[in-house]
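All values derive from a computational prediction rather than experimental measurement.
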Amino acid sequence: MPTPPRRSPAARPPQRRPRPPVRPKKPRWAMRAATTLSVVVLAAAGIGHAVVSSLDADIARVDPFKDMKNRPRAGHGMNVLLVGTDGRDRITDAERHKYHLGGAPCHCTDTIMIVHISEDRERASVVSLPRDSYAEVPGIPGRPAHPVKLNAAYAEGGPNLTVGTVESMTHVKIDHYLEVDFTSFMKTVDVLGGVKICTAEPLKDSYTGLDLPAGSHTLMGGQALQYVRSRHVDGASDLGRMKRQQRFLAALIDQATSSGVLLNPLKFRDVTQAVLGSVRADKGFGTDELLDLGRAMRSFSPSSSEFTTVPIGQMGYVVKGIGSTLKWDEPKAAKLFEALRDDKPLTVHKAAHANAVKVDVAPQQIQVQVENGTATAGLGKRVDAALAATGFRTTHQPVSAADHAVRRTVVAYDPRWDRSAKSLAAALPGSELRAVKGQGPLLKVIAGSDFKQVTRVRAADVQQGEFGVVTGDEVGCA
């Protein structure tokens, strides 16, 4: 096959110089997103790891798990025992005077909290353990088990006995131990630029020097320490103080996650230095764990943090040689710690309560026996299930009423539990309230032929509920 003739150079078409490709203009939001992403990568991978690794060696280490046996089974997620110690011996004389920190250090724990980070790193559950809780330290050879106030376990056996006592009481396995004193607390608040706190009532405590008028305040380190230490601003004493500590911790999380600290390598370094420079932690709480917490907190919002105090069954439980203590409500406490072990949220999803009617007493605190007052088979079970789904503590064993011709649903109650009865009646619109002296705390619902459905109710006071759980957005500033 003959080859085609070659063209002479003159016959070739003129060559055009190719134009450089036109790059599409990125929208501003894309540039901001790319910049933010690069900062996150640098903070989380390169600079963040280098910063924390350099500070890791400065953390004072303790071994709270030494020689511990028969520990609880491991659950899901991560449990950190956060302990706040006195540490006033490290405060300057000027700070002692200014913030009313006189007296000798007690070498005990002012604050004890279990901080549970969910396995998906999207939720933090904080459970406060009152320092005056009745506790029994576990026995070992040479030291038999004996009763104490919970905060005395630290004075007697340091972090090791504190962890052992908490695990024995809660059956929750502690994965890490973090001990914060007055100095590290104040430094952390200061480097964050202060924490915003709101109060509806003036707070004044001559013991700590706290004096806050009603309104919003940005507290710096020393004043924040006064806020979380105050026990004499109301009649609630230590329980009131724990609520303020939870409120402050919620605001602290909000400040850390909303201020860009966790996305700024230099600010991240400053906060890390402030925190790690004066804390004590277990040997396993190192660089990877700190970065893991930092990454988790980036996805936190106020609503993803939840706070509660272990349910109290008896105030002023007197123990010979110890004094007045707080006795836990064992059934409720067991249910609370079971939720932590199973990595379940302590709060009911808010969507379920979006349109709930507000009542004085939380349904979780009201015991109910349902009776079927009609000839309709299965009505009692239907009413019982509907009330239980709303949170009422039903017996789950409805019975038949003596009268099978009840037209209007009745709520029978002892006059001493009238607030509970009104709250239950709100869930049963159109029901009749009927006082029965001597009936006791168990309320009765006699379902009538008028029953249609149960209306969802919730306590007006967010501190109420089965465990008294609040989320960060419920205690933050509006």
Minimum heavy-atom distance between [X] and [Y], given as atom pair plus value:
X	Y	answer
Pro64	Tyr177	CG-CB, 3.6 Å
Ser423	Phe392	O-CZ, 4.2 Å
Asp384	His396	OD2-N, 3.3 Å
Pro130	Val310	CD-CG1, 3.4 Å
Gly221	Asp190	N-OD1, 2.7 Å
Ala153	Leu161	O-CD2, 3.6 Å

Side chains of [X] and [Y] in contact at under 4.5 Å (non-hydrogen atoms):
X	Y	value
Pro345	Glu306	yes
Leu150	Met169	yes
Thr111	Met113	yes
Asn160	Met68	yes
Arg229	Phe185	no
Ser133	Trp328	yes
Leu212	Leu219	yes
Gln223	His217	no

Return the [atom1] to [atom2] distance between [X] and [Y], rounded to the nearest 0.5 Å.
X	Y	atom1	atom2	answer
Ile174	Phe65	CD1	CZ	7.5 Å
Ser230	Leu203	OG	CG	8.0 Å
Asp205	Tyr227	CG	OH	12.5 Å
Leu340	Ile114	CG	CD1	6.5 Å
Lys283	Asp63	NZ	CG	4.5 Å
Asp175	Phe285	CG	CZ	11.0 Å

* To do: Using distance alone, with no hydrogens and no angle criterion, decide if Gln245 and Ser128 have a side-chain donor and acceptor under 3.5 Å apart.
  =>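 No pair is found: no donor N or O on one side chain lies under 3.5 Å from an acceptor on the other.
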Polar side-chain atom of [X] near backbone of [Y] as donor-acceptor pair, under 3.5 Å:
X	Y	answer
Arg341	His171	yes
Arg458	Lys358	no
Asp181	Thr85	no

* To do: For Arg247 and Thr199, run side-chain contact (heavy atoms from CB on, under 4.5 Å): C-alpha distance rounded to whole Å, both residues' side-chain angles, the deciding distance at 0.1 Å, then the answer.
  => CA-CA 10 Å; Arg247 184 181 295 270; Thr199 174; over 6 Å; no
* **Trace of the side-chain contact (heavy atoms from CB on, under 4.5 Å) decision for Ile366 with Trp417** => CA-CA 9 Å; Ile366 301 174; Trp417 282 270; over 6 Å; no
* Asked: Quick one: which of Thr455, Val457, Leu424 gives a side chain to side chain contact (heavy atoms under 4.5 Å, CB included) with Thr390?
  ->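 Answer after filtering Thr455, Val457, Leu424: Val457.
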More than 12 heavy atoms from other groups under 6.0 Å of [atom1] on [X]:
X	atom1	result
His146	NE2	yes
Lys327	NZ	yes
Glu330	CD	yes
Asp342	CG	yes

* Parallel under 30°, tilted from 30 to 60°, perpendicular over 60°: which one fits the rings of Tyr134 and Tyr317? ->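 Perpendicular, since the angle between the ring planes exceeds 60°.
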* To do: Decide yes or no on side-chain contact (heavy atoms from CB on, under 4.5 Å) for Leu178 and Val115, but give the supporting numbers first.
  => CA-CA 10 Å; Leu178 190 62; Val115 180; over 6 Å; no
* Asked: Checking side-chain contact (heavy atoms from CB on, under 4.5 Å) for the pair His116/Asp343: CA distance, chi angles, key distance, verdict?
  -> CA-CA 8 Å; His116 174 82; Asp343 198 25; 2.7 Å; yes
